[in-house]
Amino acid sequence: MRPFTYEVPSSIQEATSRGGADAAFIAGGTTIVDLMKLEVMNPSRLVDVNPLPMLGIQMREDGLRIGALEKMSDVAEHPEVVANYPVISEALLQSASAQIRNMASIGGNLLQRTRCGYFRDVFTPCNKREPGTGCSAIDGENRMHAILGTSSSCIATHPSDLAVALVALDASIYIQNGAEERVMNLDDFYLVPGETPDHENQLRPGELITAVRVPRLLWARRSTYLKIRDRESYEFALTSAALALDLNGDTIRDVRIAVGGVGTKPWNLPEVRQALAGKPLKPETFAAAAKLAVNGANPLRHNGFKVDLVQRTIVRALMNLGGLA
Amino acid sequence: MEQATDSGPDCEGGSSRRQFIRSLAAISAGLTVAAPLGRAAIPEESIPQTAPPNSGSGLGLVRINLKVNGNTRRLFIDPRVTLLDALRDRLELTGTKKGCDRGTCGACTVHLDGRRVLSCLTLAVMAKEREVTTIEGLAKGDELHPVQAAFIECDGFQCGYCTPGQIMSAVACINEGHSGSEREIREFMSGNLCRCGAYPNIVDAIKIAAAKMKGEVS
Ligand SMILES: Cc1cc2nc3c(=O)[nH]c(=O)nc-3n(C[C@H](O)[C@H](O)[C@H](O)COP(=O)(O)OP(=O)(O)OC[C@H]3O[C@@H](n4cnc5c(N)ncnc54)[C@H](O)[C@@H]3O)c2cc1C
Ligand code: SF4
Ligand code: FES
Ligand code: FES
C-alpha cells in the first residue's frame with residue numbers, strides 16, 4: 001500500500017472540498033482498502049466520510065430514502081425495506097458475507113469496482129486501470145465477464161447486487177458537490193465502457209453520494225432477487241435477476257426487471273418489461289420475453305453460457321414470484 | 001452437504017482425541033495469550049513503524065487509542081496499518097489470524113462495537129475509540145465462552161487456523177438471531193472458510209452453543 005494521509009472532515013461540504021483526483025473517500029473500506037493493498041487504487045489522501053450525517057432509513061410519501069452510510073446489513077433487515085421492497089433486502093442478503101455487510105455502506109456498494117482479475121493485478125494490461133494498455137480479458141480468462149454493454153476496450157461486469165435491484169426499481173441517488181445537490185437516476189448514473197472504461201459513472205472528483213431514493217411502488221411488495229453463482233453463498237453472481245411483479249389475477253399488469261452478472265453496468269430490461277405487460281402469467285410468455293434480454297449479446301470464449309443462463313434466471317424468477325415454481 | 005455426524009446435544013466424538021485437542025483448542029480459544037493481555041500497553045517509542053514518515057508531503061504517523069478487550073492501548077501508527085496487523089504485530093494479540101488479508105476468508109473476524117467485522121479490511125485508525133473484541137477477550141477468566149466450549153465439545157476444527165475467526169463469527173451469528181436452523185447457520189457463517197472442512201462440526205457447535213446461550217438469557 002502506498003503512503004497516504006488520513007483526513008476526517010467535519011461536514012459534508014468540507015468533505016467535498018477535500019475530495020479531488022488525488023484523494024479518495026473511505027466508508028466501510030471493503031473495496032478501497034483491498035484495492036489500495038493491491039495498489040490498484042493509490043490515493044495520496046484518504047478522506048473518512050463516516051462521521052458525516054448521511055444516515056437514516058425512512059419510508060416517506062414519495063418512497064424510501066436510505067442514507068449513503070447505512071450499512072448493508074442494517075438496510076437488509078430494516079422492517080420497511082423487508083416489507084415494501086423485498087428485492088432490496090434479498091439482493092443485500094445474497095451479497096458478500098455477514099462481516100462484510102456489517103462494514104460496507106450503501107454508497108460504497110454502488111461505487112465498488114469490478115472483480116475482473118486483470119483489473120486487480122497491476123502486472124497485466126487493463127484499460128480500466130491504466131487507459132490505453134489494452135484489455136487482457138477479451139482474449140484471456142473471461143468466464144465471469146459481461147456479455148452486454150461490452151466494447152473492444154473492456155468487458156468487465158459491474159459486481160453490485162444492490163445496484164441491480166435499485167435500477168429495476170428506478171431508484172435515484174443524491175449527489176453533493178459543495179453546497180450544490182443534484183439528483184440522478186441510477187441507471188443513467190452508470191456508464192457503459194465504450195472507449196473510456198476508466199470512466200464508470202457520472203460522479204466527478206470530490207462529489208459525494210449522500211443518499212438513495214427508491215420511488216414508492218406499492219406492488220414492489222411482490223418482488224424478489226434471484227442470484228445464480230458457483231457456490232451457494234458468499235460469491236459474486238454468474239447471473240442474477242431483480243424482479244417486481246404486478247398481477248391482476250392470471251394476467252401480468254406490469255413488471256420491473258433488471259439483471260446482473262451479465263452487463264458492464266446493472267442491466268435494466270425495459271424491452272422485457274414491455275413484452276410481459278398485459279400478458280398471461282404463463283411459462284411460455286416468460287421464455288419469449290426473456291429472449292429479448294440477450295438482444296445484442298456479445299459472448300466470448302468462456303462466458304457464452306451466460307446467454308442461456310440469464311434467460312433461465314429470468315424465467316425462474318418469474319415462476320417463483322408468480323407462484324408457478 | 002448435510003452433516004453425517006451426531007447432532008445430539010453432546011456431539012459424540014472420540015473422547016481421547018477430544019482430550020488431546022483440548023490443549024490445542026486452548027490455543028485457538030486464546031487462553032494461552034492471557035499473559036500479553038494483562039501486560040501494560042507497549043510504549044509507543046518502542047513501536048516499529050511500517051514506513052518512515054514522509055514529512056515532505058505531510059504523511060506520517062497518527063496517534064490513536066485502541067480499546068481492545070476492555071483495555072485502552074495507545075498507538076502511534078502509520079495510517080496504512082490494518083486493525084489486524086495492529087492487533088497481531090503491535091499488541092501481540094495473535095489469536096486473530098491472517099488468512100487471505102483480502103476479505104475473502106473470515107479468519108481475521110473480530111467484533112467492533114459488538115458487530116462482527118473483518119480486521120484485515122479495517123484500518124486501525126478507523127477503529128480508534130471503538131470497542132474491539134478479539135478471541136482473547138471472549139472467555140471470562142478461566143471460564144470459556146459457551147461457543148468456545150461447544151467448539152471443543154464438537155471438535156469444531158482440525159488444524160485450528162480458522163477457528164478464532166469461526167468462533168468470533170459464531171458468537172455474533174447467535175447474537176444476531178441467525179442460528180435458528182442449520183440452513184440459516186450455514187448461510188450466515190458463509191464468510192468463514194475452513195480449509196479442513198470442519199463445517200458439519202462447526203454447525204453442531206453453533207447449535208449447541210445457541211441453545212445454551214438462549215437458556216442462560218431466559
Ligand atoms: C470477499 C468479498 C465478497 C463480496 N461479495 C459481494 C457480492 O456478492 N455482492 C456485492 O454486491 N458486493 C460484494 N462485495 C463488495 C462489497 O459489497 C463492497 O466492497 C462494499 O459494498 C463497498 O462498500 P464500502 O462502504 O466498504 O466502500 P469503500 O471501500 O469504503 O468505498 C468504495 C468506493 O466508493 C467510494 N465511496 C464510498 N462512499 C462514498 C460516498 N458516500 N460518496 C462518494 N464516494 C464514496 C470510495 O471512495 C471508494 O472508491 C464483496 C466484497 C468482498 C471483499
Ligand atoms: S475487462 Fe475491463 S477491467 Fe478487465 S482487463 Fe479488460 S479493461 Fe481491464
Ligand atoms: S484475513 Fe481477513 S478475511 Fe481473510
Ligand atoms: S480447522 Fe483447519 S482451516 Fe478450519
Side-chain angles (χ1 to χ4, degrees), chain A residues 1-8 22 24-40 42-51 71-74 76-77 90 93-105 108 112 115 117 120-121 227 229 231-236, chain B residues 1 50-54 56-62 64 77-85 100-106 108-128 130 165 168-170 172-173 176-178 183 186-193:
Chain A
M1 203 187 296
R2 310 255 178 96
F4 60 85
T5 52
Y6 171 73
E7 305 179 3
V8 186
D22 66 328
F25 295 123
I26 182 167
T30 60
T31 287
I32 198 157
V33 173
D34 181 28
L35 292 176
M36 285 168 66
K37 285 184 183 183
L38 295 168
E39 301 200 351
V40 169
N42 300 299
S44 53
R45 292 183 296 119
L46 199 59
V47 181
D48 185 352
V49 299
N50 287 290
K71 299 296 187 188
M72 288 169 75
S73 51
D74 294 328
E77 308 219 4
E90 290 175 21
L93 286 175
Q94 291 175 67
S95 299
S97 67
Q99 290 96 313
I100 292 172
R101 295 193 294 269
N102 273 344
M103 303 170 70
S105 67
Q112 65 177 290
R115 306 301 288 196
R120 294 169 58 81
D121 173 5
K227 183 173 176 182
R229 31 192 171 170
R231 56 181 178 191
E232 210 172 297
S233 183
Y234 200 20
E235 188 53 273
F236 289 93
Chain B
M1 288 282 281
T50 45
N54 179 344
S57 56
L59 304 180
L61 303 189
V62 184
I64 60 164
I77 54 162
D78 187 300
R80 284 177 289 179
V81 174
T82 60
L83 178 59
L84 175 60
D85 287 341
C100 63
D101 209 23
R102 293 285 178 278
T104 62
C105 76
C108 66
T109 303
V110 300
H111 295 178
L112 198 54
D113 292 335
R115 289 162 60 119
R116 50 176 159 166
V117 299
L118 301 176
S119 59
C120 74
L121 292 184
T122 303
L123 295 175
V125 284
M126 292 172 69
K128 68 176 178 225
R130 300 175 66 186
M168 294 311 288
S169 198
C173 181
E176 288 160 9
H178 290 137
R183 197 187 160 79
R186 285 180 181 272
E187 174 59 39
F188 282 88
M189 288 295 292
S190 69
N192 290 83
L193 306 189

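Small disclaimer: the values here were computed from a predicted structure and weren't measured. By convention in this document, chain letters (A, B, ...) are assigned in the order of the sequence lines, proteins followed by strands, and residues within each chain are numbered from 1.
Of the two parts of B:M126, the backbone and the side chain both hold a non-hydrogen atom closer than 4.5 Å to a non-hydrogen atom of chain A. Looking at A:S73, only its side chain comes within 4.5 Å of chain B, counting heavy atoms on both sides. Heavy atoms closer than 4.5 Å to chain A are found in the side chain of B:L193, but not in its backbone. Of the two parts of B:T122, the backbone and the side chain both hold a non-hydrogen atom closer than 4.5 Å to a non-hydrogen atom of chain A. Looking at A:D48, only its side chain comes within 4.5 Å of chain B, counting heavy atoms on both sides. Residue B:C173 does not touch chain A at all, counting heavy-atom pairs closer than 4.5 Å. Neither the backbone nor the side chain of A:E235 comes within less than 4.5 Å of any heavy atom in chain B.
Residues passing the side chain to side chain contact (heavy atoms under 4.5 Å, CB included) test with A:R115 are A:D34, A:R120, A:P159, A:F236, sequence neighbours excluded. Applying the salt bridge (charged side-chain N to carboxylate O under 4.0 Å, His left out) criterion to A:K71, with sequence neighbours excluded, gives no partner residue.
A donor and an acceptor atom, one from each side chain of A:R231 and B:S190, are nowhere located under 3.5 Å apart.
For the atom pair CZ of B:R80 and NZ of A:K37, the computed distance is 12.5 Å after rounding to the nearest 0.5 Å. Atom-to-atom distance recorded for B:R102:CZ and A:L35:CG is 9.5 Å, nearest 0.5 angstrom. Note that OG of A:S233 is 10.0 Å distant from CZ of B:R183, once rounded to the nearest 0.5 Å. To the nearest 0.5 Å, atom CG of residue A:D74 and atom CZ of residue B:R115 are 4.0 Å apart. The CG atom of B:D78 sits 7.0 Å away from atom CZ of A:F4, with the distance rounded to the nearest 0.5 Å.
You'll find the side chain of A:L93 stays beyond 4.5 Å of the side chain of B:E187, heavy atoms only. You'll find the side chain of B:L121 stays beyond 4.5 Å of the side chain of A:Q99, heavy atoms only. Under the 4.5 Å side-chain criterion, counting only non-hydrogen atoms from C-beta, B:L123 is not in contact with A:M36.
A:Y234 places no side-chain N or O within 3.5 Å of a backbone atom of B:N192 that could act as its donor or acceptor partner.
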